[in-house]
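Presented below is the structure to which this report refers.
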Amino acid sequence: MTREIEKKWQKKWEEAKLFQSDNNEKEKVFLTVAYPYPSGAMHIGHGRTYTVPDVYARFKRMQGKNVLFPMGWHVTGAPVIGIASRIKNKDPWTLELYEKVHKVPKEELSKLKDPEYIVKYFSSEYHQVMNDMGYSIDWRREFKTTDLSYQKFIQWQLRKLKEMGFVRKGNHPVKYCPSCDNPVGDHDLLEGEGVDVNELTLLKFEIDGKYLVPATFRPETIYGVTNLWLNPEVDYIEVDNNGESWIISEKSFYNLSNQIKDLNIVGKINPKEFIGKFVKNPITGSEHPIFPASFVDPDYGSGVVFSVPGHAPADYIALKDLKNNSDLLKKYNLEEAVDIKILNVVTLKKYSEIPARDVIEKLKIKNQEDPKLDEATNELYKVEHSKGIMSSHIPNYAGERVATARDMIKSSMINDSLADTMYDFAEHPVICRCGNRCVVKIMDNQWFLKYSDEDWKEKTRECLNQENIIPNEVKSNFEYYIGWLNDWACSRRIGLGTHLPWDEQWLIEPLTDSTIYMAYYSIANHLKKIDLKDLNDAFFEKIFFNKDSNDLKVDGEIVDTIQNEFSYWYPLDWRLSAKDLIGNHLSFHLFHHAAIFPKENWPRGMVVFGMGLLEGNKMSSSKGNVILLSDAMEKYGADVVRLFLMASAEPWQDFDWREKEVIGTKRRLDRLFEFAKTIEDIKGSPIDLSNIKEVKLSRRIDLWMINQLNIRIKEATDALEGFQTRKALQNSLFLLKKDIDHYMYRVKHLLSSGERDEAIVFVLSMVFKSWIRILAPFIPHSSEELWNSYGGDGFVVEASWPNGNIYFSNDSNLRDSTSRSIEKDENLEREIIEKSEEMVQGIVHDIEQIKKIVAKDPDKIHIYLADDWKWDVYKIAEEVGKPDIGQIMGRAIGQNVHEDKKEIADFAKKIGREMTKTRYIGKIDEHEILNDAKDFIEEEVNTNIIIHKDNSYDPEDKAKNAIPYKPAIYME
RNA sequence: GCGGGGGUGCCCGAGCUGGUCAAAGGGGACAGGCUUAGGACCUGUUGGCACAGGCCUACCAGGGUUCGAAUCCCUGCUCCCGCACCA
């Protein structure tokens with residue numbers, strides 16, 4: 001197999017328009033895979049993602065289905081904007097990434113400074129690579145999410161949702177760069193990647209008509225405040241917050257001013273003047289002194305901290321340090337004030353009244369500078385949050401769980417204007433690529449999709465429940481996410497995309513514009529021919545809901561054609577996507593379908609993918625740890641890459657690209673070609689797959705081979721129905737190959753005669769003809785080449801999928817030849833054929849083993865078969881169903897199967913043990929079976945064998961050892 | 001923390017509607033064949049002990065259900081993944 005041959009077939013498929021699917025009278029299968037965001041080159045991880053649907057599509061086509069497998073490009077969103085600007089600014093890391101990892105040619109590289117060009121460049125590269133991989137895509141339906149007709153579709157979708165009341169307006173915090181004047185994503189950051197935005201509560205402590213506003217995660221500890229901390233070495237300011245006077249650190253203003261409208265600086269404040277003064281607790285009304293502390297970070301929160309030494313290890317140790325610092329105490333005249341009582345708020349099992357002290361002592365923390373202080377804080381925070389109970393002396397909240405009390409206290413304080421909310425990064429600093437510090441900005445007038453809406457959630461759950469989810473385990477994941485999803489900010493300031501139709505300053509966010517695009521595929525080819533201005537809401541309502549309207553601009557006949565096409569393909573049968581998208585993309589997909597479409601058009605199934613590893617390590621483009629799909633194909637060819645990706649793991653498992661195993665895969669593929677030559681050698685003339693000469697089969701081993709073929713076909717078919725590509729290949733390639741090897745081994749003594757054995761030629765030809773077809777979805781190019789070379793009819797792509805009933809349901813051949821001993825039941829026939837071969841193999845194996853043990857070559861080998869009464873006992877044992885020897889014996893004696901009770905007892909013991917290891921299928925003609933294979937057995941053990949019908953010659957009394965399916969052996 | 005999924009032989013990995021499981025398949029290792037040699041390919045071995053087709057120990061650890069458990073139940077230990085404005 002060469003790339004040229006692969007290209008040859010790709011071209012022929014295209015010319016024959018094999019993958020262009022239109023509605024017709026056939027049963028349809030519509031499957032989509034997440035359309036790619038083309039911001040880089042396609043690597044082997046992507047290869048797996050897109051090969052799975054292709055394999056399934058090809059499989060279903062061979063089963064006679066009309067399959068639609070389309071592809072589009074999800075180019076909306078912000079990442080390419082960042083990439084483009086980095087290329088423009090000649091950011092060395094980005095340039096190297098695109099040159100070395102994505103292998104963009106030099107002359108193209110500089111053009112990538114245009115985000116539109118990036119998506120254009122990579123989507124056409126994707127297109128090319130997908131063709132090279134042999135994907136059976138209907139390219140007439142290709143589109144980009146920035147296409148104007150797609151934008152019309154998305155605007156219709158959003159208007160529809162708004163009409164249904166699923167859209168609202170609100171505020172939302174985002175990572176933001178004040179210098180770029182834009183929200184920033186993780187990929188836009190120099191520092192602080194993955195840092196969370198936390199919500200903090202600002203608590204207002206009054207002093208002289210102004211407020212100190214410490215920020216906290218734990219508003220419930222307001223009951224345990226003993227003092228406030230200010231950093232005397234830091235600049236503080238007074239700001240006016242809509243009439244209220246707040247004192248905050250100067251540095252925190254940078255962040256806070258992005259969150260509070262009209263926050264104005266009034267003037268500077270000297271923190272030293274506040275040390276030693278008292279503030280008023282907004283809840284308890286107590287007076288708390290203000291103490292100096294160097295640990296207070298002016299960048300974090302508001303630069304003011306309140307102190308809860310009972311429950312915050314940092315506060316506890318800071319207070320202790322202060323008490324020991326007589327210079328400082330003297331300087332601020334705090335000797336008296338520092339003598340405060342530590343308060344308890346939360347009760348915890350296994351902890352004292354002052355849990356902060358317990359933790360400090362447990363970890364042996366000496367002072368504020370101790371690095372273990374963070375660990376102490378985290379530990380106590382977690383324990384109190386999950387296990388803590390508000391102590392009995394806390395008014396209103398006594399006995400309440402901390403987690404609950406926290407929310408209650410917070411909202412009640414905010415209600416009473418005693419508190420406010422702010423956001424800050426969990427870690428500092430967060431630096432934009434432009435070099436400036438980022439802040440958390442509250443975007444107002446943001447638009448939300450109300451995923452919190454209970455009715456909507458309920459409908460979505462209903463949608464989920466009627467779907468096939470593969471693998472089934474992730475269904476509970478979906479249930480969780482549907483419950484957990486909150487309102488989603490669906491509009492953006494930056495990126496490529498569609499404008500919100502009713503508020504043009506916003507772009508529709510890319511997770512929102514990719515929820516029902518499968519519906520778009522079904523009509524995409526038609527829309528290309530329609531005038532944009534005619535794509536109004538009336539049009540989409542007609543197409544998707546068959547709703548007539550006077551506003552329809554498109555010609556009625558054309559509309560009907562499109563409408564028919566949509567109703568033919570919808571609902572979507574399968575949606576494939578990666579498992580990290582369950583929480584957003586895939587859940588949104590459910591939400592939107594549930595909201596917009598009637599039940600009969602809800603999606604039918606989802607398949608969720610695992611990740612890709614490269615030699616055991618996580619694949620990552622940005623770290624350069626990838627192999628490009630084009631390179632892999634160059635080296636091994638598309639079929640080998642496909643075969644490896646499909647064989648090494650099931651789609652939902654993580655797969656590992658290991659060079660050594662890829663090479664092994666290549667060898668296996670080569671053997672398929674060698675197999676054809678083997679058949680021709682035996683046949684002595686070329687194979688003609690459309691003209692296989694039928695032969696009546698009488699040897700059991702020939703039937704066995706056909707039976708195995710049937711088994712493998714059935715297993716592979718079942719596996720493919722459930723997207724188990726690995727299991728399918730395990731059967732259709734590896735295990736079938738093993739069976740063929742076994743068969744060849746079994747018949748080799750028949751071939752040595754030099755005379756052509758027509759039965760063998762027939763069996764092998766049948767195997768070959770099926771084999772090519774069941775592998776065709778995986779290795780379409782090789783299969784096509786073989787099919788074509790050996791006289792197959794038409795394209796193998798269009799050949800029928802083998803049904804796994806060869807010679808068993810339609811043909812009388814088998815029954816004629818074996819009717820002497822075999823009942824009519826078809827399954828039984830199969831079982832007997834399998835059992836026969838097992839017996840033959842068992843005999844050979846046992847003889848070999850005994851020979852080894854005895855260490856001498858016998859002249860003759862006698863084989864004795866189980867007496868009829870033993871079969872009777874076996875049958876009784878089977879009826880008893882468990883190795884209850886007493887019962888088996890009792891019944892056997894009761895039925896008087898044999899006169900010698902001692903022998904029955906011995907045998908019952910034996911069969912009790914044996915029956916758990918053997919499959920009982922009733923009495924079979926052992927003599928005939930062994931006779932059929934006599935020449936093989938003799939050749940194998942290199943000794944003459946005598947199969948006895950009666951036991952008249954039995955000098956060493958071995959015949960008694962015979963068990964059904966397991967004859968006794970005597971070596972003479 | 002919340003939620004989900006795992007722990008199988010040297011490694012990866014099937015099995016997990018209980019018995020045909022010393023446990024598929026691949027990789028590796030070892031031995032043999034082929035070959036001028038290497039590679040490739042083919043065959044065999046790859047838990048221990050037996051030496052008339054057998055026995056013992058084994059599927060994270062401990063306990064339970066059962067005539068019988070890698071498979072079912074409980075407990076513990078441990079690993080991985082997702083948690084939002086990002087595709």
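Fair warning: this is a prediction, and the values are worked out from it, not measured in the lab.
Put simply, CD on Gln653(A) is 18 Å from P on G25(B), counting in whole angstrom units. Remark: C1' of G1(B) and CZ of Arg406(A) are 11 Å apart, rounded to the nearest angstrom. To the nearest angstrom, C1' of A14(B) lies 14 Å from CG of Leu729(A). One atom, CD of Glu661(A), and another, P of G26(B), lie 11 Å apart when rounded to the nearest Å. If you take CG of Leu736(A) and C1' of G25(B), they are 14 Å apart, rounded to a whole angstrom. Going from atom CZ of Phe609(A) over to atom C1' of C81(B) covers 18 Å, rounded to whole Å. Whole-Å rounding puts the Phe644(A) CZ to G25(B) P distance at 18 Å. One atom, CD1 of Ile482(A), and another, P of C2(B), lie 21 Å apart when rounded to the nearest Å.
Distance from the side chain of Gln730(A) is smallest for A24(B) among the nucleotides C11(B), A87(B), A24(B). In the set C83(B), G5(B), G13(B), G13(B) carries the atom at the smallest distance from any side-chain atom of Arg726(A). The side chain of Asn477(A) lies closest to G3(B), out of G82(B), G3(B), A87(B). In this structure, of G53(B), A87(B), G82(B), it is G53(B) that holds the atom nearest to the side chain of Ala968(A). Closest contact between the side chain of Pro79(A) and the listed nucleotides G25(B), C86(B), G5(B) involves C86(B). Comparing A84(B), C83(B), G53(B) against the side chain of Trp488(A) picks out A84(B) as the nearest. The side chain of Tyr37(A) lies closest to A87(B), out of A87(B), G3(B), G54(B). Considering only side-chain atoms of Arg658(A), the nucleotide from C86(B), G25(B), C11(B) that sits closest is C11(B).
Asp741(A) has a carboxylate O that lies under 4.0 Å from a charged side-chain N of Lys737(A), or vice versa, which qualifies the two as a salt bridge.
The ring-ring contact (aromatic ring centres under 6.0 Å, His included) with His46(A) is formed by just one residue from the set Tyr35(A), Tyr37(A), Phe122(A), Tyr126(A); it is Tyr126(A).
His172(A) comes within 4.0 angstrom of a base, heavy atoms only. Note on Ile582(A): nothing from the nucleic acid sits closer than 4.0 angstrom, heavy atoms only. Among the heavy atoms of the strands, none lies under 4.0 Å from Pro38(A). Using a 4.0 Å heavy-atom criterion, one finds that Asp656(A) contacts no nucleic acid atom at all. Nucleic acid contact for Lys738(A): sugar-phosphate only, since backbone atoms but no base atoms lie under 4.0 Å from a heavy atom of the residue.
Summarising the base pairing, G9(B) is matched to no nucleotide, lacking a Watson-Crick or G-U wobble pair whose two defining distances lie under 3.5 Å. Across all strands shown, U17(B) forms no Watson-Crick or G-U wobble pair with both key distances under 3.5 Å. Pairing for A29(B) is with U45(B), a Watson-Crick or G-U wobble pair whose two hydrogen-bonding atom distances lie under 3.5 Å. Across all strands shown, U66(B) forms no Watson-Crick or G-U wobble pair with both distances under 3.5 Å. In this entry G3(B) has C81(B) as its Watson-Crick or G-U wobble partner, both defining distances falling under 3.5 Å.
Of the side-chain N and O atoms in Lys579(A), none sit less than 4.0 angstrom from OP1 or OP2 of G82(B). Under 4.0 angstrom from either OP1 or OP2 of G3(B) there lies no side-chain N or O belonging to Lys475(A). Taking only side-chain nitrogens and oxygens, Arg668(A) comes nearer than 4.0 Å to OP1 or OP2 of G26(B). Between C42(B) and Arg671(A), a contact under 4.0 Å exists linking OP1 or OP2 to a side-chain N or O.
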Fill in: Criterion salt bridge (Lys or Arg N to Asp or Glu O under 4.0 Å) on Arg406(A) and Glu220(A), from CA distance to verdict
CA-CA 5 Å; Arg406(A) 177 175 302 166; Glu220(A) 77 282 6; 3.0 Å; yes

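Atom name C1', nucleotides C74(B) and U65(B): the rounded distance is 11 Å, in whole Å. Between A69(B) and G63(B), the two C1' atoms lie 14 Å apart (nearest whole Å). A gap of 26 Å separates the P atoms of A84(B) and U78(B), to the nearest Å. Nucleotides A50(B) and G44(B) place their P atoms 25 Å apart, quoted to the nearest Å. U8(B) and C56(B) have their P atoms separated by 26 Å, given to the nearest Å. Only the C1' atoms considered, G48(B) is 13 Å distant from G9(B), to the nearest whole Å. Using atom P as the reference point in both A23(B) and C34(B), the two lie 31 Å apart (nearest Å). Spacing of C1' atoms, C51(B) relative to C11(B), comes out at 33 Å, to the nearest Å.
Checked by atom type and distance alone, the side chain of Arg48(A) pairs as donor or acceptor with a backbone atom of Gly610(A) at under 3.5 Å. Not one N or O on the side chain of Lys727(A) forms a donor-acceptor pair closer than 3.5 Å with the backbone of Asp718(A). Ser491(A) places no side-chain N or O within 3.5 Å of a backbone atom of Gln446(A) that could act as its donor or acceptor partner.
Residue-to-nucleotide proximity on RNA chain B shows that, of Gly583(A) and Asp741(A), the 5′-proximal contact is made by Asp741(A). The residue among Glu650(A) and Ser476(A) whose nearest nucleotide of RNA chain B lies closer to the 5′ end is Ser476(A).
Remark: Lys966(A) engages Asp846(A), Glu914(A), Ile963(A) in a side chain to side chain contact (heavy atoms under 4.5 Å, CB included) (not counting sequence neighbours).
His742(A) and Glu837(A) form a side-chain donor-acceptor contact under 3.5 Å, judged by distance and modelled atom types alone.
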